Amino acid sequence: MLVGIVTEYDLLQAMIDGRDLRKIMATEIMSIHPVSVTEAQTLAQVADLSQDRYVTRVPVVRNKKLVGLLA
């Protein structure tokens with residue numbers, strides 16, 4: 001099950017906060033409940049979602065499991 005994602009924003013925020021990226025775990029900085037889509041959604045729907053939520057990469061899930069990433 002997809003429980004989180006580490007985004008570029010998450011990494012940059014950790015660096016701004018002075019955290020050593022070599023010493024932290026993904027669970028410490030990841031965004032929980034990430035925006036995701038299913039294989040059944042159209043590319044137009046994904047484009048609208050990307051624009052509405054300001055995301056550039058969207059996980060694709062099937063039965064709550066990660067099967068791809070749209071970028």
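In this text the structure is predicted, and so the values were computed from the model without any measurement.
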Side-chain donor/acceptor pairs under 3.5 Å, residues 43-55, sequence neighbours excluded:
{"from": "Q45", "atom 1": "OE1", "to": "T42", "atom 2": "N", "distance (Å)": "2.8"}
{"from": "Q45", "atom 1": "OE1", "to": "T42", "atom 2": "OG1", "distance (Å)": "3.4"}
{"from": "S50", "atom 1": "OG", "to": "V46", "atom 2": "O", "distance (Å)": "3.0"}

Next on the checklist: Would you say that V58 contacts V60 through its side chain, given a criterion of any heavy-atom pair below 4.5 Å between the two side chains?
Outcome noted: no
Can you give the donor-acceptor pairs under 3.5 Å from side chains of residues 28-40 to other protein atoms, not counting sequence neighbours?
{"from": "E28", "atom 1": "OE1", "to": "R19", "atom 2": "NH2", "distance (Å)": "2.7"}
{"from": "E28", "atom 1": "OE2", "to": "M25", "atom 2": "N", "distance (Å)": "2.9"}
{"from": "S31", "atom 1": "OG", "to": "D10", "atom 2": "OD1", "distance (Å)": "3.0"}
{"from": "S31", "atom 1": "OG", "to": "D10", "atom 2": "OD2", "distance (Å)": "3.0"}
{"from": "T38", "atom 1": "OG1", "to": "A40", "atom 2": "N", "distance (Å)": "3.3"}
{"from": "E39", "atom 1": "OE1", "to": "R62", "atom 2": "NE", "distance (Å)": "2.8"}
{"from": "E39", "atom 1": "OE2", "to": "R62", "atom 2": "NH2", "distance (Å)": "2.8"}

Donor-acceptor pairs are to be reported for all side-chain atoms of residues 63-71 against protein atoms at under 3.5 Å, with residues two or more places apart or in another chain.
none

Next on the checklist: So, taking the atom named OH in Y9 and the one named OG1 in T56, what distance separates them when rounded to the nearest 0.5 Å?
Outcome noted: 14.0 Å
